[in-house]
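To keep things clear, I will list the structure first and then write my remarks on it.
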Amino acid sequence: MNSATLKTIRESLGLTVGWLANQAQVQERTVRYWESGRNEVPDDVAEMMLKLEVLSADMVLRATHQIDAIVKKNGKPSSAIVLVRYQSDKDLWKYRPDLKMLPATFHAGVLARVRAALSEDDVDVEMQWLDADAYQIWLKDTKQKDSETLRTQFVMLD
C-alpha cells in the first residue's frame with residue numbers, strides 16, 4: 001500500500017492519525033511519515049486498513065439491504081428514515097460492542113455512506129443523536145430492554 005492510499009483510506013473511514021498510531025503502537029509522527037511517503041507502510045498496517053475498509057463496506061451493504069427490504073415491503077416512506085448516531089466512542093462501544101475500539105467517527109462514516117447510497121434510490125435518510133443518559137432513563141421507565149430498534153424509536157421521539 002502506498003502513502004496516498006493509506007491516507008485516503010484512513011480519512012474515508014473517519015480515523016485520525018492518533019487512532020492509527022495507537023493501533024499500530026507507534027508515534028503519530030511515524031504515521032505521518034507513512035502518509036507522506038517518507039517511510040514505507042508496513043504490511044500489517046496495510047492489512048488492518050484494508051480489513052477496516054471491508055468492514056465498513058459490509059456494514060453499508062447490510063444496512064442498505066435492510067432498508068431496501070423495508071421499502072420494498074412497505075413502500076417509500078413519507079418521512080426520512082432515521083439512523084442512530086452515537087455522540088462518543090464510549091456510547092458506540094456500549095451499544096455496538098461489535099465495534100469496540102473503533103471510534104464513533106468510523107461509525108459516522110458508515111452512516112454517511114448509507115445515506116449516500118440510499119439517496120441514489122431517492123430515499124431520504126437523516127441521522128439523529130442518541131442521548132445515552134436520557135435513553136437509559138427511558139428504558140427504565142418503560143421497563144424495556146435495549147435493542148437497535150428501540151434506540152431508533154427513542155431518537156425519533158424528539
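Computed from heavy atoms alone, side chains included, the values below leave out hydrogens, waters and symmetry copies. The first residue of the sequence shown is numbered 1, and numbering continues consecutively from there. The structure displayed is predicted, hence computed values, not measured ones.
- By the salt bridge (charged side-chain N to carboxylate O under 4.0 Å, His left out) test, D122 is found to be paired with K76, residues two or more places apart in sequence or in another chain being considered.
- Side chains of E35 and V17 form a contact here, defined as non-hydrogen atoms less than 4.5 Å apart.
- Across all their heavy atoms, S3 and G37 have their closest contact at CB-N, 3.4 Å.
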Residues 42-52, side-chain donor-acceptor partners within the protein, below 3.5 Å, at least two apart:
residue, atom, partner, partner atom, Å
E47, OE2, K51, NZ, 3.2

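- Residues passing the side-chain hydrogen bond (donor to acceptor under 3.5 Å, both in side chains) test with R38 are Y33, sequence neighbours excluded.
- In this structure, NZ in K94 is found 3.5 Å from CD in Q136, a value given to the nearest 0.5 Å.
- Contact annotation: the side chain of L150 approaches that of W138 to within less than 4.5 Å [non-hydrogen atoms, C-beta and beyond].
- A donor-acceptor distance shorter than 3.5 angstrom exists from the side chain of Q87 to the backbone of L130, with no hydrogens or angles considered.
- Under the rule for a side-chain hydrogen bond (donor to acceptor under 3.5 Å, both in side chains), D141 has no partner lying at least two apart in sequence or in another chain.
- Looking at D131, D91, D146 one by one, the single match for salt bridge (Lys or Arg N to Asp or Glu O under 4.0 Å) with R151 turns out to be D146.
- When the side-chain hydrogen bond (donor to acceptor under 3.5 Å, both in side chains) test is applied to Q144, the partners found at least two apart in sequence or on another chain are T142.
- Using a 4.5 Å heavy-atom cutoff, the side chains of T105 and T16 are not in contact.
- Not a single salt bridge (charged side-chain N to carboxylate O under 4.0 Å, His left out) links R85 to another residue, sequence neighbours left out.
- Annotation: the span from T30 atom OG1 to Q25 atom CD amounts to 12.5 Å, rounded to 0.5 Å.
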Exercise answer: donor-acceptor pairs, residues 109-116 side-chain atoms, under 3.5 Å, sequence neighbours excluded:
residue, atom, partner, partner atom, Å
R113, NE, S56, OG, 3.4
R113, NH1, S12, O, 2.9
R113, NH1, G109, O, 3.3
R113, NH2, S56, OG, 2.6
R115, NE, V125, O, 3.3

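- Distance check: L20 CG to E28 CD gives 9.5 Å after rounding to the nearest 0.5 Å.
- In the hydrophobic clustering of ILVMFWY residues, with side-chain heavy atoms under 4.5 Å counting as a link, L139 and M156 come out together.
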For residues 58-70, which side-chain donor-acceptor pairs fall under 3.5 Å, sequence neighbours excluded?
residue, atom, partner, partner atom, Å
T64, OG1, V60, O, 2.9
T64, OG1, L61, O, 3.0

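- Here M1 contributes atom CE and W34 contributes atom CH2; the two are 11.5 Å apart, rounded to the nearest 0.5 Å.
- Atom CG in D89 sits 10.5 Å away from atom NZ in K100 (nearest 0.5 Å).
- V54 and L13 fall into different hydrophobic clusters, where Ile, Leu, Val, Met, Phe, Trp and Tyr residues are linked whenever their side-chain heavy atoms come under 4.5 Å apart, directly or through other members.
- N2 is linked by a side-chain hydrogen bond (donor to acceptor under 3.5 Å, both in side chains) to T5, counting only residues two or more places apart in sequence or in another chain.
- Applying the ring pair (Phe, Tyr, Trp, His ring centres under 6.0 Å) rule to pairs touching residues 93-134 yields Y86-H107, Y95-Y135, sequence neighbours excluded.
- Scanning for salt bridge (charged side-chain N to carboxylate O under 4.0 Å, His left out) contacts around D124 gives an empty result, with sequence neighbours left out.
- Atom CG in L102 sits 7.0 Å away from atom CG in L15 (nearest 0.5 Å).
- With sequence neighbours excluded, no residue forms a salt bridge (charged side-chain N to carboxylate O under 4.0 Å, His left out) with E126.
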